[in-house]
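Here is the structure we will look at, set down as C-alpha cells.
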Amino acid sequence: QAAATSGDYQHSFSQDFSSHHIVDPRTGASPGELASVTVLAPTAAAADALSTAVMVLGSKAGLAFIEQLPDVAALMVTKEMNVIHSVNFPAVS
C-alpha cells in the first residue's frame, strides 16, 4: 500500500494558486476546483499518477473513476476546504 498527494500549494505560479504545476491537457490551464488529492493505491507509482489525474478530473468525475478501481481510495480537498472522500478511504470522520 502506498499514498501520494497532489496539490496546488507547493508550486504555484500565481498568488491565488489558480495557476500551478498541474495542467489539464484538454485546456492547457490548471484545474480550478481541487486544492489537494491524496490517493491510496497498491504502488507508489499508481498513487502518484492517480492523484494527479483526479486533480485534473475534478471531484465528481475523479470520485467516479476512483470508485471503479479495486484497492484504491481517495481524499479530496476543494479550494473552499470541503473534504470529499471515496467510501473506502480509512479514518475519515
Side-chain angles (χ1 to χ4, degrees):
Q1 187 80 2
T5 301
S6 293
D8 66 0
Y9 44 82
Q10 191 73 348
H11 299 289
S12 180
F13 304 122
S14 62
Q15 271 190 313
D16 66 355
F17 300 100
S18 63
S19 296
H20 49 83
H21 69 290
I22 299 173
V23 176
D24 184 336
R26 300 168 294 189
T27 65
S30 295
E33 180 192 6
L34 297 171
S36 174
V37 176
T38 298
V39 171
L40 306 176
T43 68
D48 183 42
L50 290 168
S51 65
T52 303
V54 172
M55 279 286 294
V56 170
L57 288 170
S59 64
K60 187 175 180 181
L63 186 60
F65 177 54
I66 291 296
E67 294 286 2
Q68 295 178 24
L69 302 173
D71 303 319
V72 175
L75 178 107
M76 299 166 261
V77 180
T78 69
K79 292 193 187 273
E80 292 79 29
M81 301 305 290
N82 296 314
V83 176
I84 303 160
H85 61 86
S86 62
V87 294
N88 59 343
F89 197 88
V92 176
S93 58

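Because the structure is predicted, anything quoted here is derived from the model rather than measured.
Rounding to the nearest 0.5 Å places CG of Asn88 at 6.0 Å from CD of Glu67. Atom OG of residue Ser51 and atom CE of residue Met76 lie 11.5 Å apart, to the nearest 0.5 angstrom. Note that CD of Gln1 and CG of Asp71 are 7.5 Å apart. Values are rounded to the nearest 0.5 Å. A distance of 6.0 Å separates CG of Asp48 from OG of Ser6, quoted to the nearest 0.5 Å. The distance from the CG atom of Leu75 to the CD1 atom of Ile66 is 11.5 Å, given to the nearest 0.5 Å. In this structure, CZ on Arg26 lies 6.0 Å from CG on Leu57, to the nearest 0.5 angstrom.
No donor-acceptor pair under 3.5 Å is formed between the side chain of Thr52 and the backbone N or O of Ala49.
Among all heavy-atom pairs drawn from Ile84 and Ser59, the shortest one is CD1-CB, 3.6 Å. Closest approach of Ala2 and Thr43 over heavy atoms only: CB-C, 3.5 Å. Across all non-hydrogen atoms, the minimal contact from Ala41 to Ala46 is CB-CB, 4.0 Å.
At a threshold of 4.5 Å between side-chain heavy atoms, the hydrophobic network of Ile, Leu, Val, Met, Phe, Trp and Tyr places Val54 and Val87 in two separate groups.
Among Val37, Val77, Thr38, the single residue meeting the side-chain contact (heavy atoms from CB on, under 4.5 Å) criterion with Thr5 is Thr38.
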